[in-house]
Amino acid sequence: MAPRQRFGQHFLNDPTLAARIIDCLDLDAGLPVFEIGPGRGALTALLLQRLRRLHAVEIDRDLSAALEDRYGDRGLVVHCTDVLSFDFCGAAPGPLQIVGNLPYNISTPLLFHLLDQLDCIARMVFMLQKEVADRIAAAPGGGDYGRLSVMIQSRCRVESLFRVGPQAFTPPPRVESRVIRLTPAAGPAIKDRELFAAVVRTAFSHRRKTLRNALKGYIAAAGLEALGIDPGQRPQELAVATYAALANHLTDRDREAGHDSGA
Ligand code: SAM
């Protein structure tokens with residue numbers, strides 16, 4: 001069966017590389033393992049050599065059926081569905097280990113979907129398009145630093161592990177790839193995650209504007225200054241911890257205002 005472009009199918013053809021990716025997961029055989037997008041089973045087969053049970057989430061019905069036939073009696077549980085709506089926390093008791101050579105066309109929404117379920121996740125190892133991996137790991141100040149960097153770094157330790165060239169895949173993608181490890185970590189205390197997410201989203205939807213303008217719906221320039229933030233800076237210049245402090249200040253301010261008006 002020909003690879004399906006709409007599902008971002010680029011199959012790993014290098015078993016040494018597949019083993020290296022799995023090693024990065026530091027498998028704990030006592031914890032459930034999920035593979036995202038097993039495809040033709042390049043990682044699946046190796047994982048099953050080390051595990052008695054493996055969950056795999058695959059959208060392609062033909063590939064899912066083939067995987068079930070081949071590995072069903074070796075402990076593979078195939079969830080033939082769209083991973084973007086898959087309930088990981090409901091599928092097995094956490095903490096979970098998640099691995100995958102991700103379909104690049106959905107990697108950003110998928111990462112946000114996983115962030116929503118981080119409470120049941122122990123660690124994740126993913127192959128991603130290099131540009132996305134660079135954005136996840138980016139430090140403040142550069143062009144790669146953005147909403148994805150802040151949202152992931154606020155809740156995970158990010159390790160950018162190694163690069164993979166197009167020739168490791170069949171068919172080869174037009175882009176370079178990178179393997180990363182994300183480990184949920186305490187990060188800065190955030191009082192209201194929804195407000196934090198909204199502030200970060202608003203800030204980065206106006207990257208070229210100064211913070212004074214980008215965030216004027218939330219806070220005046222004097223308020224930014226009182227927090228030690230230069231209102232003339234751009235959104236990509238603020239550290240993750242500063243976004244957390246800003247959102248926490250807004251949370252406190254809203255709560256105080258709520259109490260005052262209710263009194
Ligand atoms: N793991 C295999 C490998 O390394 O050879 C395949 C990786 S391929 C880049 C991505 C896989 O994700 C494909 O098998 C594709 O069918 C699957 N996929 C694409 N979109 C998906 C979705 N929304 N939900 C679940 N699986 C998806």
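Quick note: residue numbers are just sequence positions, from 1. Start at 1 and go down the list; that is how both ligands and their atoms are numbered.
Judged by a 6.0 Å distance limit and a 45° cone about the ring axis, Arg178 is not positioned over the six-membered ring of Phe126.
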Quick one: do Phe11 and Phe169 satisfy ring pair (Phe, Tyr, Trp, His ring centres under 6.0 Å)? Show the steps, please. CA-CA 5 Å; Phe11 300 111; Phe169 305 89; 9.7 Å; no
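Test Leu67, Leu76, Leu47, Ile22 against Glu35 for side-chain contact (heavy atoms from CB on, under 4.5 Å) and you get one pass: Leu47.
When the side chains of ILVMFWY residues are joined at heavy-atom separations under 4.5 Å, either directly or via intervening members, Ile59 and Val83 end up in two distinct hydrophobic clusters.
In this structure, His113 and Phe88 have tilted ring planes: the angle between them lies in the 30° to 60° band.
Here the straight-line distance linking atom CG of Leu102 with atom CG of Leu111 works out to 6.5 Å at 0.5 Å rounding.
Within 4.0 Å of ligand 1, heavy atoms belong to protein residues Phe7, Gly8, Gln9, His10, Phe11, Leu12, Glu35, Gly37, Pro38, Gly39, Ala42, Val57, Glu58, Ile59, Asp60, Leu63, Thr81, Asp82, Val83, Asn101, Leu102, Pro103, Ile106.
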